[in-house]
Amino acid sequence: METMNQQPASMPRIGEKAPEFKAVTTQGEINFPADYKGSWVILFSHPADFTPVCTSEFMTFATMEKQFNQANCKLVGLSVDGLYSHIAWLRTIKDKIEYKGMKNVEVTFPLIEDITMEVAKKYGMMMPGESNTKAVRAVFVIDPEGIVRTVLYYPLSLGRNFDELYRIVVALQAADKFSVATPADWRPGDDVIISPAGSCGTAKDRMDGKEEGLECKDWFFCTKKLPKEKVLDAILKK
Ligand code: BEZ
């Protein structure tokens with residue numbers, strides 16, 4: 001007989017359609033991902049309401065929400081707690097918690113109630129090796145067509161880096177808009193990577209400096225400038 005740890009879990013993968021669901025949230029019902037067509041969305045899970053790491057994460061994410069919205073990205077949270085617990089926790093955060101200079105923080109993005117774990121299981125957020133009763137800290141970055149573009153999983157004890165989540169949203173959009181790839185630790189304004197030479201002729205031309213504006217470390221590794229203003233102009237809502 002299979003034990004809990006050996007059961008195959010479903011898990012949306014990069015490049016696949018985000019699994020559909022309808023859910024009750026702190027902002028009313030949502031039909032996911034249909035309601036988010038045309039926007040990027042970060043769907044993320046957290047282990048439990050009224051826990052310290054989650055509280056620090058929600059305060060940080062809520063404080064950065066406008067910044068994400070400006071990059072055409074909406075936020076949707078989930079835990080396997082119920083709606084009244086969510087409401088009580090969010091009220092406590094707003095009324096009582098002060099952390100790293102953040103206070104009176106109102107969480108206005110939807111927080112899904114998922115007592116049945118239906119959504120958490122669909123998205124592979126339950127990891128029995130970590131906990132049978134709490135979702136891990138999963139992050140799904142989903143594009144305006146409802147395709148999963150990035151997946152991250154963190155354990156219960158490790159709070160996420162929200163600057164990195166923002167960097168991911170901007171880098172994915174820059175890669176799409178300018179048909180480039182982004183190197184390690186890329187930030188808007190840094191050089192970007194162009195697609196590798198697809199023929200010996202192109203490889204030679206690039207190494208001979210015949211393609212203007214490129215800097216080639218070798219035939220397969222060429223970068224070009226992409227000014228910060230150009231990236232931000234293309235991504236940020238005016
Ligand atoms: C927390 O958010 O602090 C937390 C939640 C579940 C397990 C451990 C820590």
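What you are looking at is a predicted structure, and each value in this text was computed from that prediction instead of being measured. Nothing fancy with the numbering, it's 1 onward along the sequence.
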K.L.:
Got Ile42 and Val76 here, is their nearest side-chain heavy-atom distance under 4.5 Å?
P.N.:
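The answer is no; the side chains never approach within 4.5 Å.
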K.L.:
Compute the centroid of each ring, for Tyr166 and then for Phe68, and state whether the two points are separated by less than 6.0 Å.
P.N.:
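Yes.
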K.L.:
In terms of relative ring orientation, are Phe50 and Trp89 parallel, tilted or perpendicular, with 30° and 60° separating the classes?
P.N.:
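Tilted, since the angle between the ring planes falls between 30° and 60°.
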K.L.:
Do Leu165 and Val141 pass the side chain to side chain contact (heavy atoms under 4.5 Å, CB included) test, and can you show the C-alpha distance, the side-chain angles, and the key distance before you say yes or no?
P.N.:
CA-CA 9 Å; Leu165 299 190; Val141 182; 5.8 Å; no
K.L.:
With the threshold set at 4.0 Å, does a side-chain nitrogen-carboxylate oxygen contact exist between Arg149 and Asp176?
P.N.:
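A salt bridge is present here (some side-chain N lies under 4.0 Å from a carboxylate O).
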K.L.:
Measure the NZ-CG distance between Lys230 and Asp233 for me, rounded to the nearest 0.5 Å.
P.N.:
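The CG atom of Asp233 is 10.0 Å from NZ of Lys230, to the nearest 0.5 Å.
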K.L.:
Output the distance between atom CG (Asn132) and atom CE (Met117), rounded to the nearest 0.5 Å.
P.N.:
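Taking CG in Asn132 and CE in Met117, the distance rounds to 8.0 Å.
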K.L.:
Mind listing the closest non-hydrogen atom pair of Glu20 and Pro33 along with its distance?
P.N.:
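So the minimum-distance heavy-atom pair works out to CG-CD, 3.8 Å.
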K.L.:
Can you say whether the rings of Phe109 and Phe61 are parallel (under 30°), tilted (30 to 60°) or perpendicular (over 60°)?
P.N.:
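Rings of Phe109 and Phe61: perpendicular, as their planes differ by over 60°.
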K.L.:
What is the minimum heavy-atom distance between Leu156 and Ala135, and which atoms define it?
P.N.:
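Result for this residue pair: CD2-O, 3.5 Å.
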K.L.:
Look up atom NZ in Lys217 and atom CD1 in Ile193, then write down how far apart they are to the nearest 0.5 Å.
P.N.:
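With rounding to 0.5 Å, NZ (Lys217) is 9.0 Å from CD1 (Ile193).
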K.L.:
Nearest 0.5 Å please: distance from the OG1 atom of Thr51 over to the NZ atom of Lys134.
P.N.:
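Between Thr51 OG1 and Lys134 NZ, I get 8.0 Å after rounding to 0.5 Å.
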K.L.:
Evaluate the side chain to side chain contact (heavy atoms under 4.5 Å, CB included) criterion for residues Trp186 and Asp191: first the C-alpha distance (whole Å), next the side-chain angles of each, then the deciding distance (0.1 Å), finally the verdict.
P.N.:
CA-CA 8 Å; Trp186 179 86; Asp191 292 354; over 6 Å; no
K.L.:
For Glu215, look at atom CD and say whether over 12 heavy atoms of other residues, nucleotides or ligands are found less than 6.0 Å away.
P.N.:
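Not buried by this count: 12 neighbours or fewer within 6.0 Å.
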K.L.:
Calculate, to the nearest 0.5 Å, the distance between atoms CD1 and CG belonging to Ile112 and Leu43 respectively.
P.N.:
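Result: 5.5 Å between the selected atoms.
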K.L.:
Glu65 and Thr108: side-chain donor and acceptor closer than 3.5 Å?
P.N.:
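Glu65 vs Thr108: donor-acceptor pair found between side chains.
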K.L.:
With a 3.5 Å cut-off and no angle check, do the side chains of Thr202 and Trp219 form a donor-acceptor pair?
P.N.:
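Looking only at side-chain atoms, Trp219 and Thr202 do not form any donor-acceptor pair under 3.5 Å.
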K.L.:
Hey, would you say the Phe58 and Phe44 ring centroids sit under 6.0 Å apart?
P.N.:
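Here the rings of Phe44 and Phe58 have centres that are less than 6.0 Å from each other.
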